There are 2 protein chains.
Amino acid sequence: MGATIKDIAKYTGLSIATVSKYINGGNVLEKNKVLLDEAIKVLDFKINEMARGLKTNRSMTVGIMIPSLENIFFTSIISNVENILLQNGYSSIICDYREDPHLEREKLDFLLSRKVDGIIMVPHSNNAAFIQSVVEKGIPVVFIDRYLEDVQCDVVLVDNINASYNAVEQLIIRGHKRIGIICGPSNIYTTKERLKGYVRAHEDYAVKVDNDLVQYGKYDVESGYHMLIHLLKMENPPTAVYVTNYEMTLGAIMAINEKGIKVPDQMSLIGFDNIQLAKIVKPSLSIVVQPMKEIGEKAAQVLLSRLNKENTGGPSISRLKTELLIRESIKSVQA
Amino acid sequence: MGATIKDIAKYTGLSIATVSKYINGGNVLEKNKVLLDEAIKVLDFKINEMARGLKTNRSMTVGIMIPSLENIFFTSIISNVENILLQNGYSSIICDYREDPHLEREKLDFLLSRKVDGIIMVPHSNNAAFIQSVVEKGIPVVFIDRYLEDVQCDVVLVDNINASYNAVEQLIIRGHKRIGIICGPSNIYTTKERLKGYVRAHEDYAVKVDNDLVQYGKYDVESGYHMLIHLLKMENPPTAVYVTNYEMTLGAIMAINEKGIKVPDQMSLIGFDNIQLAKIVKPSLSIVVQPMKEIGEKAAQVLLSRLNKENTGGPSISRLKTELLIRESIKSVQA
DNA sequence: GGCAAAGAACTAAACGTTTAGCTTACAGGA
DNA sequence: TCCTGTAAGCTAAACGTTTAGTTCTTTGCC
């Protein structure tokens, strides 16, 4: 179908070695250069990455694995990752393992058979041993958002603990004593971290944590809705609620609207992630903003520096800072 | 690194041809079969898809292109596409062209250099001529969601016209004469179709269309919000509003909540796409539901049947039906 | 003019598969 | 016993590159 390096050689009268050299940035005589450029254009030559990959043992492909393609936090990160990788000549095979450890393992296997040069992933489960074996094969792996102890690889995280700490601190400063938190699933890294910040802020200000105020959702719209309803129904409901991801924030807002709760008069609210949403909601929502663009870029860069052998050191941890936007949705409680 | 077919040959004492034959489903003696299975397991053999692709001239890879990775309608479709393709041994290179025709062209070029066997895409702009040239190269292309006249390829659409028609009809039946519609960008295929259904329903029931009630947004949360506010501010505002995608529906709901509009007493509302959202909102939202799962599956199947040469006929159009869920958010107006 | 050094181009093998065409082994029928 | 047919296995070439090692060409210097 397409022209090959051989066709170019025939067209120009040069050897295929010379053609290859030129394609890979080698020096050729000026007149040959002109000739080659012409041939490439005329014959519409595109290098065959499969043949090249076979020789060089590099596929120029990286695998990206996330728990769900329906979670905008992940998709917006990988959108950035994909873009940067593309600029560097890499294509990305994006896989969605649907929160299923078994599928995670399977797709990882698939990526390996595709001979990806590296992997960027949001790890889910206890496939740690398997992932570690991938790392040991010499395939660089970068974790995003979550951390697994037993895997020796680079990680890009946000400072979840302090993100939560700062958010909750703002509520405590404003006199709130009963602060609800809507967490993700209890076995997930970010859940633990975000909860830790919540607890730590309470400790530092000597406010007691009421475990009934700690609710575990599933990081989806529905559970955000239900957990907020649940908090409202308590006999001694919280005066403020902190929700720890975008989808659940959305759900919580739906619940609040439905119940006709006045924010911030009847309840203060701090949400997560989506700055666009925060602007639209009235009263404007206070939120913890994760730097999705930076996370994606950082992860891509870390992986690229491994792929280019610029970085051959031990595993690195990048911990990016979140931003806390204080808007109208929180106010002080009168004592 | 990994074991090759040669290593398997050495281990078993068979020739590489026999090994290859077995791997590809050929017959071998029972005892050799056992031996081969053992070798494959022991040596952890994974076929090298690049070498195979070089010989067979098939990369077992398909390209997927969507306008944005931050639009849940698209991501949930490709989640299904990716899954089905994977089950058939194909990997997908997912690209997001960020609504940019220039980038669309560039990424398409990239996919070609990756020698993808086929392409599934949501086309955006007037790259029609270029896409047609891809088709003519013999690379099957399947369009999703949108249609471009000048390209001879398979298309998977939903019946946007009747989706809109049915939704608007329900409003007209309930006595609404002034029905607002929040459309997408005016140059997009789905926008035109959805508007057409709106107009047609008006025609069939002899209700005049007031062009001021037709608002064009950008298929994002923000514009849904703004367009609804705009409609409310009119001196003669609509008694019902029909919003034509998920993100804008979200924005519209935010606006309604902010303004304290009672649905359906002060305004009837029909939204789009997200069934989960529809359940959560109170009063429960009437919506047009697109069969995302089916769209993804259909597109994957259509492409696979081209790749397997099961279908060598002319371009096909699959038009899937939407579903209209009538809930509490609409009611009759008293004459 | 002769020679060395540098630069450009060439030859040929290799990467890990598939596959056409050939050989071998074996069973069954005449 | 010999022949034929069939199934299983084998040999070797090819896919489109890269690259080590070699040869050819040019240039500069003595």
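Worth knowing before you read on, the calculation uses all heavy atoms, side chains too, and leaves out hydrogens, waters and symmetry mates. All figures in this text were calculated on a predicted structure; none of them were measured in a lab. Every chain is numbered from 1, with letters handed out A, B, ... down the list of sequences.
One axis for each end of the helix from dG1(C)-dC30(D) to dA30(C)-dT1(D), each built from five base pairs, and the angle between them comes to 50° at 10° resolution.
To the nearest angstrom, P of dT19(C) lies 11 Å from CG of Asn57(B). Atom NZ of Lys6(A) and atom P of dC10(C) are 16 Å apart (whole Å). Here the P atom of nucleotide dG16(D) and the NZ atom of Lys10(A) are 11 Å apart, to the nearest Å. Atoms CD1 (Ile8(B)) and P (dG9(D)) sit 15 Å apart, rounded to a whole Å. The nearest whole Å value for the distance from the CG atom in Leu35(A) to the P atom in dA8(C) is 16 Å. Computed from coordinates, the Met60(A) CE to dT18(D) C1' distance equals 15 Å when rounded to whole Å. Between the NZ atom of Lys115(A) and the P atom of dT17(C) there is a distance of 7 Å, rounded to whole Å. Distance Leu54(B) CG to dA14(C) C1': 12 Å, rounded to the nearest Å.
Under the rule for a side chain to side chain donor-acceptor pair (under 3.5 Å), Thr75(B) has no partner lying at least two apart in sequence or in another chain. Taking the side chain to side chain donor-acceptor pair (under 3.5 Å) definition, one finds that Asp44(A) meets it with nothing, sequence neighbours left out. Scored by the ring pair (Phe, Tyr, Trp, His ring centres under 6.0 Å) test, Tyr97(B) finds His124(B) as partners (sequence neighbours excluded). For Asp220(A), the side chain to side chain donor-acceptor pair (under 3.5 Å) test picks out Ser223(A), with sequence neighbours left out. Every side chain to side chain donor-acceptor pair (under 3.5 Å) that Asp37(A) has, sequence neighbours left out, goes to Tyr22(A).
An OP1 or OP2 oxygen of dA13(C) is reached within less than 4.0 angstrom by no side-chain nitrogen or oxygen of Lys55(A). At the phosphate of dG16(C), neither OP1 nor OP2 sits under 4.0 Å from any side-chain N or O atom of Thr4(B).
Ranking dT11(D), dC10(C), dT18(C) by closeness to the Ser15(A) side chain, first place goes to dC10(C). Considering only the side chain of Leu14(A), dC10(C) comes nearest among dT18(C), dG9(D), dC10(C).
Put simply, OG on Ser91(B) and CG on Leu111(A) are 8.5 Å apart, with the number rounded to the nearest 0.5 Å.
With hydrogens and angles ignored, the 3.5 Å screen pairs a side-chain donor or acceptor of Asp117(B) with a backbone N or O of Met60(B). When atom types are taken as modelled, the side chain of Asn308(A) and the backbone of Glu310(A) share no donor-acceptor pair closer than 3.5 angstrom. In this structure a side-chain-to-backbone donor-acceptor pair under 3.5 Å is present from Thr61(A) to Ser59(A).
When each of Gly13(B) and Ala51(B) is assigned the nucleotide of DNA chain D with its nearest heavy atom, Gly13(B) is the one assigned upstream, toward the 5' end.
Sequence neighbours left out, the pairs with a member in residues 68-95 of chain B that pass salt bridge (Lys or Arg N to Asp or Glu O under 4.0 Å) are Lys107(A)-Glu82(B).
Side-chain atoms of Arg52(A) and Asn24(A) include a donor-acceptor pair closer than 3.5 Å. Using a 3.5 Å distance cut-off with no hydrogens or angles, the side chains of Asn127(B) and Glu104(B) do pair a donor with an acceptor.
Of all the residues in residues 16-28 of chain A, Ile16(A), Ala17(A), Ser20(A), Asn24(A) reach under 4.0 Å from DNA chain D with at least one non-hydrogen atom. Using a 4.0 Å cut-off on heavy atoms, none of the residues of residues 38-50 of chain B approach DNA chain D.
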Indicate every side-chain donor-acceptor pair of residues 143-153 of chain A with a distance under 3.5 Å to a residue at least two apart or in another chain.
unit_1    : atom_1 : unit_2    : atom_2 : d
Arg146(A) : NH1    : Pro123(A) : O      : 3.4

Show me, pair by pair, the donor-acceptor contacts under 3.5 angstrom made by side chains of residues 10-17 of chain B, not counting sequence neighbours?
unit_1   : atom_1 : unit_2   : atom_2 : d
Tyr11(B) : OH     : Glu38(B) : OE2    : 2.6
Thr12(B) : OG1    : Ile8(B)  : O      : 2.8
Thr12(B) : OG1    : Ala9(B)  : O      : 3.3
Thr12(B) : OG1    : Leu14(B) : N      : 3.2
Ser15(B) : OG     : Ala17(B) : N      : 3.4
Ser15(B) : OG     : Thr18(B) : N      : 3.3
Ser15(B) : OG     : Thr18(B) : OG1    : 3.2

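Across all strands shown, Leu29(A) has heavy atoms under 4.0 Å from sugar-phosphate atoms exclusively, and none from any base.
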Pairs under 3.5 Å (N/O, protein and nucleotides 23-25 of chain C):
none

